[in-house]
Amino acid sequence: MDSIHYHYLVDGEDFARAGEASSSLKSKLKQLGFPPDVIRRCSIAIYEGEINMVIHADGGDIDVDIYPDKIVMVLKDKGPGIPDIDLAMQAGWSTAKEQILSLGFGAGMGLPNMKKSSDEMNVETEIGVGTTVTMTVNVPN
Amino acid sequence: MVVADIIKLLDANVISNEIDMNHPVKTVCGSDMMSDVLAFIKKDAVLLTGLNNLQVLRTAEMMDIVCIVFVRGKTPSAEMVAMADELNIYMLQTQYTMFDTCGILYEAGLRGGRKVDG
C-alpha cells in the first residue's frame, strides 16, 4: 500500500526549536482528516521522541509514513545509545541533567509515554552508535 | 466553566492578543514538568504552570490545551505571545502561587485527572 512520506531533520543544538517536526506532523494529520484521538496519540509519541532526540542525542532524523490504516514514525539518532532499555522504560527513571529538568523535561516519563501512546513500539539501540525508535499508531476503522 | 470565569477567579491578566472568553474548559492540570503534562492531561484543559519557555506552548499545542495560566506573575516573551496567537492558545497570567491557583479553581468546581492509573 502506498504511503505519504515525510522526513524531518531534528536540530540538536536548539532546545527552543524542539517540537517543530511534531508540530508540522500534527498539522498534516489534521489536514488529512484523521480522528482526533489518533492525532493526539501520534502527537504525544512523536513530540516525546523529538524532545528525547534533542536532550540526549544531539538531534537526528524522523521519517513518517502515513497509511490509511496506520501511521508509522521512525526516529533515528546517532546519540550515545541506551545501556539498559528495561530500566529506561520504567516511569521516573531518567539520566537528564539539572538543566533539562529546569526546562520542563527529563522526568523519566518519555519512553513509557511513547509506548502508551502507540500501538507498537520497537527500540533498537547500540552503545556509541545510536538509537532507532519505531512507533506505529493504528487508525481504527 | 468558560475562559472568562478563569480570568475572574484568578484575577488574571490576558496576555494573548486574541481570546475567546466563552470557550469551555473542563479540566485543569498544574505542573512545571511538561513530561507530566504530556502523560496525564485530559481534554479541554487549562494548564497552570510556572515554566516559561516555548516548550510550554509546544506541549499545549500537542495536547490541544485551551488555555495556559502562568502562575506567580511569570510573563511570557513576545515570541511566545505571537506563537500562542498563531496556535490559537490563550495565555493568562496570575499573581497567585501554583498552590493557591489550584485551590481557587478546585473550590470553584474544576477537577484534574484524579488519580493516576497504576
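Values below: all heavy atoms of this structure, side chains included; hydrogens, waters and symmetry mates excluded. Please read all numbers here as calculations on a predicted model, not as lab measurements. So you know, we letter chains A, B, ... as the sequences are listed, proteins then strands, and number each from 1.
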Sidechain-backbone polar pair: A/Asn113 side chain, B/Leu38 backbone, donor-acceptor under 3.5 Å: yes
Does anything in residues 28-41 of chain A pair up under salt bridge (charged side-chain N to carboxylate O under 4.0 Å, His left out), and if so which pairs, sequence neighbours excluded? A/Arg41-A/Asp119
Same cluster for B/Phe40 and B/Val69 if Ile/Leu/Val/Met/Phe/Trp/Tyr side chains link at under 4.5 Å? no
Region of A/Leu101 in contact with chain B, defined by heavy-atom distances below 4.5 Å: both
List the atom of B/Ala39, the atom of A/Lys116, and the distance in Å for their closest heavy-atom pair. O-NZ, 3.4 Å
If I measure from the heavy atoms of chain B, does A/Leu103 come under 4.5 Å with its side chain, its backbone, both, or neither? both
Heavy-atom distances under 4.5 Å only: say whether A/Ser117 touches chain B with side chain, backbone, both or neither. neither
Cluster overlap B/Met21 with B/Leu47, hydrophobic side-chain contacts below 4.5 Å: no
hydrophobic_cluster_shared for A/Tyr8 and A/Val74, side chain cutoff 4.5 Å: no
Check B/Met33 against A/Phe105 and note the closest heavy-atom contact, atom names and distance. CE-O, 3.6 Å
Taking everything shown except A/Asp2 itself, do over 12 heavy atoms lie less than 6.0 Å from its CG? no
Does one hydrophobic cluster hold both A/Ile55 and A/Ile85, with members joined at side-chain heavy-atom distances below 4.5 Å? yes
Does any non-hydrogen side-chain atom of B/Met62 lie less than 4.5 Å from one of A/Ser23? yes
Can you name the nearest heavy-atom pair linking B/Ser35 to A/Met109, along with the distance? CB-CB, 3.9 Å
Verify the neighbour count for atom CD of B/Gln95: are there more than 12 heavy atoms of other residues, nucleotides or ligands below 6.0 Å? yes
Is it possible for you to say whether A/Met73 and A/Tyr67 belong to one hydrophobic cluster, with membership spreading through side-chain heavy-atom contacts below 4.5 Å? no
Any residue of residues 49-59 of chain B which, by heavy atoms, sits under 4.5 Å from chain A: B/Leu51, B/Asn53, B/Leu54, B/Gln55, B/Arg58, B/Thr59
